[in-house]
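Order of listing sets the numbers, starting from 1, for every ligand and every atom in it. It should be emphasised that the depicted structure is a prediction, and the values quoted were computed from it without experimental measurement.
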Amino acid sequence: MSLTKKIHCDKRLTSQLQQRLQNFLSFVDQEADRFLGYPCNRFFDYTPLYPFLSFPLNNVGDPFLPSRYHLNSHEFEREVIGFFSALTHAKPEEIWGYVTNGGTEGNMYGIYLAREIYPEGMVYYSEATHYSVPKILRMVHARNIMIKSTVNGEIDYQDLAETLRIHRDVPAIIFANIGTTMTGAVDNLDRIKQILKDNAITHHYIHCDAALGGMILPFVEHPPAFDFNAGIDSLAISGHKMIGSPIPCGIALAKKCHVDRIARAVEYISTFDTTVSGSRNAITPLFLWYAIHSQGIQGFRKIVRGCLEMAAYAVQRFNECGIPAWRNENSITVVFPKGPDAIMNQWQIALQGDMGHILVMPHVTKNQINLLLADITAAKEVKP
Ligand SMILES: Cc1ncc(COP(=O)(O)O)c(C=O)c1O
């Protein structure tokens, strides 16, 4: 599928520069056809919102409070937060949130709140955790211990229990994965809470990294515990992953009582500073709002069901070709032993050690899966 669009540039750009942009458009258009390895949905259409790109919109400040900067989309941001609060069973009167620039910022927010509540607390996270988390822990100077992971990518509960037992005197900050990056594994919150209880650790904080899982589990038939129903303290979801957006974005949700501890009044913007960034994107809340209203719960449910079915198809086809692919329950991440480098690169397959994965996002088709398999098997000279 090729974009025939011609880019119309300001005449001050030389024809060479205009051609460069045109070439770049052709490049991304082509590459998007082999975009299987990362969890970003490429199916979206926000063209009706393009007029908003003509204004210096900025969501600086707390979306729930008035600000002197009137060119904001706080009203829409609040509705987006309301949608995600309901989706994650948060009690509206107890929860606060904002639209972030991605999952990483949402995770940073959760860790920041936890560290403010328990400055001496120890953060426990599994080795399957996203690479940005150890960096965040360094940035906020949080004490931390990495816990082993099991083969499928869940936190190793035995290692967690043994480690917590040694540090029973220290408040525990649990960084739980609701869909790990490489294998889509979901840490079992019930088991984690039981381990905290067994060790009589009453001072604890649980943050859930639901970057991708936060937009899958609400739509499956029997989801495991993953949200505020399970008594968690904060949660982060990416917006550009399952929903899709040309600009990275996400959602941070946290208990209001935790956020109140970090809020600071700022005269310059005449509101409270409760977010990580000062200036904040005002377009992405509009994108999310638009997607929420155009898809609705039923639309998202259908999209997720379609992805899960396609992921099951991918596993079956890989296995038929003699490649031992697998996936976790309720996951659209199909894991397989990595193939030849050139093929992995051509299809933008994320790798870790000997492992590769495809992310069966809404744009992934049977044809693409079969083309990838044909490339792998041809390269290995193995007949499908
Ligand atoms: C489990 C997990 N957490 C966090 C992130 C970071 O999210 P973002 O890229 O939206 O900052 C990712 C990204 O893939 C992820 O898979």
Shortest non-hydrogen contact from [X] toward [Y]:
{"X": "Asn58", "Y": "Ser279", "result": "ND2-OG, 2.9 Å"}
{"X": "Asn72", "Y": "Leu57", "result": "N-CD2, 4.2 Å"}
{"X": "Asn59", "Y": "Pro285", "result": "ND2-CG, 3.6 Å"}

Numbered atoms of ligand 1 (with element) below 4.0 Å of [X], judged on heavy atoms:
{"X": "Gly179", "value": "1 (C)"}
{"X": "Ala211", "value": "2 (C), 3 (N), 4 (C), 15 (C)"}
{"X": "Thr104", "value": "6 (C), 7 (O), 8 (P), 11 (O)"}
{"X": "Thr181", "value": "1 (C), 2 (C), 15 (C), 16 (O)"}

Provide, to 0.1 Å, the distance between atom 13 (C) of ligand 1 and the closest protein heavy atom, together with that atom's residue and name.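 I find the closest protein heavy atom is Lys241 NZ, 3.0 Å.
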So which protein heavy atom does atom 10 (O) of ligand 1 come closest to, and at what separation?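 Protein heavy atom with the smallest distance to atom 10 (O) of ligand 1: Gly103 N, 2.7 Å.
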Rounded to the nearest 0.5 Å, what's the gap from NZ on Lys255 to CD on Glu94? Could you check?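 So the NZ of Lys255 and the CD of Glu94 are separated by 7.0 Å.
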Nearest candidate to atom 5 (C) of ligand 1, where distance is taken over non-hydrogen atoms, out of His130, Met182, His240: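 Ranked by closest heavy atom to atom 5 (C) of ligand 1, first place is His130.
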Give yes or no for whether the N/O distance cutoff of 3.5 Å, strictly under, is met between Ser132 and ligand 1.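 No; the residue has no nitrogen or oxygen that sits under 3.5 Å from a nitrogen or oxygen of the ligand.
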Is there a polar contact between ligand 1 and Gly102, counting only N or O atoms under 3.5 Å apart?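 No, since none of the N or O atoms of Gly102 sits under 3.5 Å from an N or O of ligand 1.
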Looking only at heavy atoms of Asp209, does any of them come nearer than 4.0 Å to an atom of ligand 1?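 Yes, that is the case, since the closest heavy atom of the residue is under 4.0 Å from the ligand.
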For ligand 1, is Leu212 a contact, meaning one of its heavy atoms is under 4.0 Å away?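 No; Leu212 lies far enough from ligand 1 that no heavy-atom distance drops under 4.0 Å.
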Side-chain donor/acceptor pairs under 3.5 Å, residues 346-360, sequence neighbours excluded:
unit_1	atom_1	unit_2	atom_2	d
Trp347	NE1	Asp375	OD2	2.9
Gln348	NE2	Glu31	O	3.0
Gln348	NE2	Glu31	OE1	3.4
Gln348	NE2	Arg34	O	3.3
His357	ND1	Met182	O	2.9
His357	NE2	Gly37	O	3.1

Have a look at ligand 1 and work out which part of Glu105, if any, has a heavy atom under 4.0 Å from it: side chain, backbone, both or neither.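 Neither part.
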So, does Asp29 use its side chain to make a donor-acceptor pair with the main chain of Leu25 at under 3.5 Å?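 Flag not set: sc Asp29 to bb Leu25 has no pair under 3.5 Å.
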Fit a plane to each ring of Trp289 and Phe76, take the angle between them on a 0 to 90° scale, and name the class: parallel (under 30°), tilted (30 to 60°) or perpendicular (over 60°).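 Plane angle over 60°, so perpendicular.
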Is there a continuous path of hydrophobic side-chain contacts, each under 4.5 Å between heavy atoms, that joins Ile117 to Val123?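 Linked within one cluster.
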